[in-house]
Protein chains: 2
Amino acid sequence: MNSVSQRTIERLSLYRRRLMIELAEMDYIFSHQLAKISNSTAAQVRRDLMHLGYAGVPRKGYKIKDLIRCISQFLDPAKIENVVIVGVGNLGKALLTFFTGRRPKLSLVACFDIDENKVGTDIAGVPCFHLNEMPQKIKELKVNIGVISSTENATKAISEMMIAAGIKSIINFTCFPLNIADSENVFLEQIDITASFEKAAYFTKLNLKK
Amino acid sequence: MNSVSQRTIERLSLYRRRLMIELAEMDYIFSHQLAKISNSTAAQVRRDLMHLGYAGVPRKGYKIKDLIRCISQFLDPAKIENVVIVGVGNLGKALLTFFTGRRPKLSLVACFDIDENKVGTDIAGVPCFHLNEMPQKIKELKVNIGVISSTENATKAISEMMIAAGIKSIINFTCFPLNIADSENVFLEQIDITASFEKAAYFTKLNLKK
DNA sequence: TTTTATCTGTAAATAATTTCACAATTTTTT
DNA sequence: AAAAAATTGTGAAATTATTTACAGATAAAA
Ligand SMILES: NC(=O)c1ccc[n+]([C@@H]2O[C@H](COP(=O)([O-])OP(=O)(O)OC[C@H]3O[C@@H](n4cnc5c(N)ncnc54)[C@H](O)[C@@H]3O)[C@@H](O)[C@H]2O)c1
Ligand SMILES: NC(=O)c1ccc[n+]([C@@H]2O[C@H](COP(=O)([O-])OP(=O)(O)OC[C@H]3O[C@@H](n4cnc5c(N)ncnc54)[C@H](O)[C@@H]3O)[C@@H](O)[C@H]2O)c1
């Protein structure tokens with residue numbers, strides 16, 4: 001299968017969220033309008049939508065309702081995907097609170113920590129177990145997606161546990177850059193907030209010079 | 001000025017963090033070693049380091065201490081940059097707790113909210129003011145970098161307030177994609193965690209098909 | 001119904017980023 | 001002191017991503 005680029009997938013995700021808001025206002029949308037509210041260009045939007053096999057109508061644009069359905073069919077899993085979060089500190093708690101119930105096809109079913117004060121409690125309605133129980137829970141609940149928001153030093157061990165238990169995607173928020181062999185066939189998304197802050201500092205310096 | 005790409009800046013930020021850890025272990029590092037621990041390639045590392053004007057030694061590699069200093073000189077602001085965070089919910093609190101004291105050249109000096117229960121308190125040691133006070137504080141404290149982690153609907157108004165007050169960089173965590181005119185000369189970093197989750201779901205689906 | 005205006009879908013061109021490949025350099029070995 | 005081995009720095013090639021340009025389509029106007 002000829003996969004679509006990561007950049008395109010990110011934009012489709014954004015388009016859908018923007019379209020959901022527009023749906024209340026209008027029926028059809030032009031590529032240049034969708035571009036405007038998504039910080040993109042009309043050509044980029046049309047290129048991205050090409051992958052969906054959904055055709056817009058010249059002079060009229062895209063029917064928002066159909067387009068949302070089409071993006072959903074393309075992006076979303078057929079069945080609900082169960083997700084687990086490992087490391088329930090400030091960030092883990094923010095993620096749990098934010099995502100619980102937000103994306104209908106992604107269900108946060110469990111979180112894990114080693115802090116005995118957290119184990120056994122519910123966080124944003126999601127039960128927290130000890131890390132030791134993770135492999136079993138992942139198998140039991142058929143979890144394919146794992147999020148790591150533990151302390152940095154635990155990252156590698158957690159990812160190895162996840163992969164051994166059969167996880168197919170890892171979203172890693174720690175500073176520790178994971179290195180997963182291609183042969184494992186695991187999708188890895190590194191979210192490096194520190195780099196974003198340092199980038200902002202660098203471009204601030206540059207902007208001030210101008 | 002011929003600026004270095006955002007991708008390169010992100011990698012330099014990561015290299016530095018990795019190098020800080022290696023510093024305890026060894027004096028010199030080869031491009032292929034730095035690549036390994038940064039999830040990159042030797043050629044990419046050498047290309048990125050080219051911008052620094054710091055030369056490695058053939059057969060010996062890069063002197064870690066000097067390389068760190070050189071990346072710091074390149075990336076970091078000359079003086080400490082003051083940073084503010086607007087919207088101190090779960091995510092804002094996580095950011096405040098994590099970054100306070102972590103990057104010596106970035107100082108979180110204030111945060112803002114509209115929730116009267118938060119205004120007047122300290123969060124991770126950082127004073128929380130009402131949003132109304134933001135323009136004055138930004139000017140008073142010479143703040144160039146602003147972070148938005150409010151609710152989505154407030155994003156645009158907050159960014160406009162920031163820009164009017166003289167902010168030079170915005171890091172936006174909300175789902176609302178800001179659109180800032182080039183002429184404003186403001187650096188914008190959108191961090192779209194929702195897109196990362198949906199991307200993971202998409203590539204999970206793809207991986208499962210294989 | 002015919003014309004006009006404007007939007008879509010996509011081929012081709014352009015731009016940006018990464019990888020390749022190798023001369024130059026330096027250390028280590030002999 | 002010379003030869004061998006290994007790594008750097010970078011031009012050139014390859015790859016990936018975005019933008020341009022326009023034929024074809026269709027709605028709205030005449
Ligand atoms: N908070 C941020 O803004 C931010 C920014 C950039 C990066 N990060 C990264 O995200 C991660 C989490 O950040 P945070 O602010 O929530 O940190 P935190 O210290 O609040 O939380 C870490 C949690 O992980 C748990 N933990 C530690 N080892 C574990 C293990 N082996 N298994 C399971 N859980 C374990 C701890 O008990 C704690 O609850 C950190 O690694 C940090 O580097 C955070
Ligand atoms: N938490 C996550 O994992 C996550 C993931 C993706 C995106 N986001 C985005 O990040 C933002 C913050 O997330 P959160 O989980 O911290 O939400 P939250 O609801 O916990 O916090 C939002 C905070 O913003 C404050 N606020 C609202 N309007 C404001 C205004 N006009 N000025 C100043 N403050 C204002 C609220 O009082 C509250 O304290 C949200 O917009 C969300 O879309 C969060």
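Quick caveat, the model's predicted, so the values are computed rather than measured. By convention in this document, chain letters (A, B, ...) are assigned in the order of the sequence lines, proteins followed by strands, and residues within each chain are numbered from 1. Values below: every heavy atom of this structure, side chains too, minus hydrogens, waters and symmetry copies.
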| query | Rounded to the Å, how far apart are Tyr54(B) OH and dT7(D) C1'? | reply | 14 Å
| query | In terms of the angle between their ring planes, are Phe203(A) and Phe187(B) parallel, tilted or perpendicular, with boundaries placed at 30° and 60°? | reply | parallel
| Should Tyr62(A) be listed as having a side-chain N or O under 4.0 Å from OP1 or OP2 of dG9(C)? | yes
| query | Checking all strands, does Ser31(A) fall into the base, sugar-phosphate, or nothing category for heavy-atom contacts under 4.0 angstrom? | reply | sugar-phosphate
| request: Please confirm whether any donor atom in the side chain of Arg59(B) sits under 3.5 Å from an acceptor in the base of dT25(C), or the reverse. | output: no
| field | Whole-Å distance separating the CD atom of Gln44(A) from the C1' atom of dC7(C) | value | 18 Å
| said: Over 60° means perpendicular and under 30° means parallel, so tell me whether Phe197(B) and Phe99(A) are parallel, tilted or perpendicular. | reply: parallel
| Minimum-distance nucleotide to Val57(B) side chain [options: dT8(D), dT26(C), dA25(D)] | dT26(C)
| field | Protein-nucleotide distance (Tyr28(A), atom OH; dT6(C), atom C1'), rounded to Å | value | 16 Å
| message | Please pick, from dT19(D), dT10(D), dA27(D), the nucleotide with the shortest atom-to-atom distance to any side-chain atom of Lys60(A). | response | dA27(D)
| Whole-Å distance separating the CD1 atom of Ile9(B) from the C1' atom of dA16(C) | 15 Å
| Atom-to-atom span, CE of Met50(A) to P of dA17(D) - whole angstrom | 15 Å
| message | Need one value for Ser5(B): base, sugar-phosphate or nothing, where a base atom within 4.0 Å counts as base even if backbone is also close, heavy atoms only. | response | sugar-phosphate
| message | Expressed as a whole number of angstroms, how long is the span from Leu49(B):CG to dG9(D):C1'? | response | 11 Å
| said: Does either side chain, that of Thr8(B) or that of Asp48(B), offer a donor lying less than 3.5 Å from an acceptor on the other one? | reply: yes
| request: Indicate yes or no: does Arg18(B) engage Glu22(B) in a salt bridge with an N to O separation below 4.0 Å. | output: no
| Nucleotide of dT19(D), dT20(D), dA25(D) approaching Ala43(A) most closely (side-chain heavy atoms) | dT20(D)
| query | Is any side-chain nitrogen or oxygen of Arg46(B) closer than 4.0 Å to OP1 or OP2 of dG11(D)? | reply | no
| Quick one: which of dT8(D), dA11(C), dT26(D) gets closest to the side chain of Pro58(B)? | dT8(D)
| Of the candidate nucleotides dT8(D), dT10(C), dT10(D), which contains the atom at the shortest distance from the side chain of Phe30(B)? | dT8(D)
| query | Just by distance, with hydrogens left out, do Arg11(B) and Ser40(B) show a side-chain donor and acceptor under 3.5 Å apart? | reply | no
| field | Between dT17(C) (C1') and Asp48(B) (CG): distance, integer Å | value | 10 Å
| query | Looking across every strand, which nucleic acid part, if any, lies under 4.0 Å from Ala55(A) by heavy atom: base, sugar-phosphate, or nothing? | reply | sugar-phosphate
| Roughly how many Å is it from NE2 in His32(A) to P in dA5(C), rounded to a whole number? | 17 Å
